Amino acid sequence: MAIRSYRLGAMPPQIPAPILDRFRGVEAATVGHYLHDRFADPALRPLIVGPRIAGTAVTVSIPGPDSTLLYHAMDRVRPGDVVVIDRAGDLRHACWGGFMAAVAKLRGIAGVIVDGVVTDPAAIREAGVPTWARGVSPVTTKLLNLGGGFNIPVSCGGVAVNPGDAVLADDCGILVLPPDQVAGISDTALADQAEEGEWLARLRDGLALQDLVDVAAMLAERDRKDGGIHG
C-alpha cells in the first residue's frame with residue numbers, strides 16, 4: 001500500500017475564554033430557530049448524554065484503517081480544544097477508543113467529534129470527555145502511516161470545519177461557526193432563551209399561548225395575502 005503525504009497546518013488561535021463561556025450557555029436547538037446550514041448531520045450522536053461543550057476546533061483528517069496522524073495531533077492539542085476528526089466516509093474502522101479517551105482527559109480537551117465510529121464506549125464514558133460519533137465498531141485503526149491532514153479544512157457531518165472555528169455541541173446537535181459570528185449568535189440565542197423562560201412563567205400564571213403570540217392576527221394576515229383561499 002502506497003505511503004501518502006501529510007498536510008500539517010499550524011495550531012489556530014484559541015477563541016477567548018469569555019466568548020466561549022457565553023457560547024456554552026447557548027442551546028444548539030435555540031440557534032436552529034434561525035440557522036440551518038451550519039449544523040452537522042444529526043446521525044452524529046453523543047456517547048455521554050448531558051454535557052454541552054464549546055471550544056476551538058482542531059481538525060484531523062485520517063484515511064480508513066489508519067490513525068497515525070492522530071498520535072501527532074493529540075500531542076499538540078490544548079485544554080479547551082475540540083478535536084474534529086474527518087474519517088473520509090469510513091464507517092468500519094474505529095480511530096477512537098478507551099486509550100485515546102484517557103489521553104484526551106489528560107490533555108484537558110473540551111470534547112471530540114468523530115465523523116465515523118468509535119470503540120470502547122464504556123471506557124469513553126468512564127474517561128468523561130464528551131464524545132460524538134456515528135456509532136460503535138470493534139474493528140480498529142492501525143499505525144499504517146498512510147497520510148492525512150492536521151489543522152486543515154475538513155468535512156464533519158456534511159459541514160465544513162476550519163481550524164479555529166467555534167464548535168458548540170450538545171444532546172441536540174453540533175454547530176460550527178466562524179469565530180467572528182460567535183458573539184452575535186450568543187447574544188441573540190441567550191436573549192431568546194431568557195424570553196422563553198419568562199413566557200413559561202406567564203403560562204404558569206394562567207395565560208394562554210395566544211396571549212403571548214397573536215396567532216389570530218398572523219392567520220388573518222396570511223389569509224389576506226392568500227386572497228382568502230384558506231378561509
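Not measured: the values here are computed from a predicted model.
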Do the non-hydrogen side-chain atoms of Pro163 and Ile152 ever get within less than 4.5 Å of each other? no

For Ala101, the side chain to side chain contact (heavy atoms under 4.5 Å, CB included) test, sequence neighbours excluded, returns Trp96, Ile124, Ala127

If a pair satisfies side chain to side chain donor-acceptor pair (under 3.5 Å) and one of its residues is in residues 118-132, list it, with sequence neighbours excluded. none

Should the heavy atoms of other residues, nucleotides or ligands under 6.0 Å from CD of Gln193 be counted, would the total exceed 12? yes

Side-chain contact, heavy-atom cut-off 4.5 Å: Asp86 with Thr59? no

Ile113, Val58: one ILVMFWY side-chain cluster at the under-4.5 Å cut-off? no

About how many Å separate CG of Leu106 and CE of Met74, when rounded to the nearest 0.5 Å? 9.0 Å

Is it possible for you to say whether Tyr71 and Val118 belong to one hydrophobic cluster, with membership spreading through side-chain heavy-atom contacts below 4.5 Å? yes

Can you give the donor-acceptor pairs under 3.5 Å from side chains of residues 133-140 to other protein atoms, not counting sequence neighbours?
from   : atom 1 : to     : atom 2 : distance (Å)
Arg134 : NE     : Asp115 : OD1    : 2.5
Arg134 : NH1    : Asp41  : OD2    : 3.1
Arg134 : NH2    : Asp41  : OD2    : 3.4
Arg134 : NH2    : Asp115 : OD1    : 3.1
Ser137 : OG     : Arg92  : O      : 2.6
Ser137 : OG     : Val139 : N      : 3.1

Give me the other members of the hydrophobic cluster that Ile185 sits in, counting Ile, Leu, Val, Met, Phe, Trp and Tyr linked by side-chain heavy atoms under 4.5 Å, directly or via other members. Ile15, Ile19, Leu20, Phe23, Val26, Val31, Tyr34, Leu35, Phe39, Leu168, Leu175, Leu177, Val182, Leu190

One should read off an interatomic distance between Cys172 SG and Arg45 CZ, to the nearest 0.5 angstrom, of 7.5 Å

Residues in salt bridge (Lys or Arg N to Asp or Glu O under 4.0 Å) with Asp171, at least two apart? none

Minimum heavy-atom separation for Ile62 and Leu70, please, with both atom names. CG2-N, 4.4 Å

Nearest heavy-atom pair of Leu91 and Gly116: which atoms, and what distance? CD2-CA, 4.1 Å

What pair of heavy atoms forms the shortest contact from Val176 to Ala160, and how long is it? CG1-O, 4.1 Å

So, taking the atom named CD1 in Ile85 and the one named SG in Cys95, what distance separates them when rounded to the nearest 0.5 Å? 4.0 Å

Is there a path from Val82 to Val77 through hydrophobic residues (I, L, V, M, F, W, Y) whose side chains come within less than 4.5 Å of each other? no

Which residues share a salt bridge (Lys or Arg N to Asp or Glu O under 4.0 Å) with Asp21, sequence neighbours left out: Arg24

So does Gly64 get a backbone contact from the side chain of Arg87, meaning a donor-acceptor N/O pair under 3.5 Å? yes

If Ile, Leu, Val, Met, Phe, Trp and Tyr residues are connected whenever their side-chain heavy atoms lie under 4.5 Å apart, and connections chain through other members, are Val103 and Val84 in the same group? no

Flag the pair Asn151 / Pro12 as yes when at least one side-chain heavy-atom distance between them is below 4.5 Å, and no otherwise. yes

Is there a side chain to side chain contact (heavy atoms under 4.5 Å, CB included) between Leu143 and Ser67? Walk through the geometry before answering. CA-CA 6 Å; Leu143 300 179; Ser67 58; 4.2 Å; yes

Got a sec, which pairs hit salt bridge (charged side-chain N to carboxylate O under 4.0 Å, His left out) with one end in residues 48-61, sequence neighbours left out? Arg52-Asp170

Quick one: list whatever passes side chain to side chain donor-acceptor pair (under 3.5 Å) with Asn162, sequence neighbours left out. none

Sequence neighbours left out, what pairs pass salt bridge (charged side-chain N to carboxylate O under 4.0 Å, His left out) with at least one residue falling in residues 136-151? none

So which heavy atom on Pro179 is nearest to which on Gly164, and how close? CG-O, 3.1 Å

Locate the shortest heavy-atom distance separating Ala169 from Ile174; write the atom from each residue and the value. CB-CG1, 3.9 Å

With a 4.5 Å cut-off on side-chain heavy atoms, are Leu44 and Cys156 touching? yes

Mind checking side chain to side chain contact (heavy atoms under 4.5 Å, CB included) for Asp187 and listing every partner two or more places apart, or none if nothing turns up? Arg22

Output all residues satisfying side chain to side chain contact (heavy atoms under 4.5 Å, CB included) with Asp66, sequence neighbours left out; order by chain, then residue number. Tyr6, Pro63, Thr68, Leu144, Leu146

Taking Val83 as the starting point, is it possible to reach Val161 by hopping between hydrophobic residues whose side chains are less than 4.5 Å apart? no

Would you say the side chain of Arg38 lies within less than 4.5 Å of the side chain of Asp165, judging by non-hydrogen atoms? yes

List for me each residue that meets side chain to side chain contact (heavy atoms under 4.5 Å, CB included) alongside Gln14, sequence neighbours excluded, and say none if there are none. Thr56, Arg78, Asp81

Test item: Leu8 and Leu69 side chains (from C-beta on) under 4.5 Å apart, heavy atoms: yes

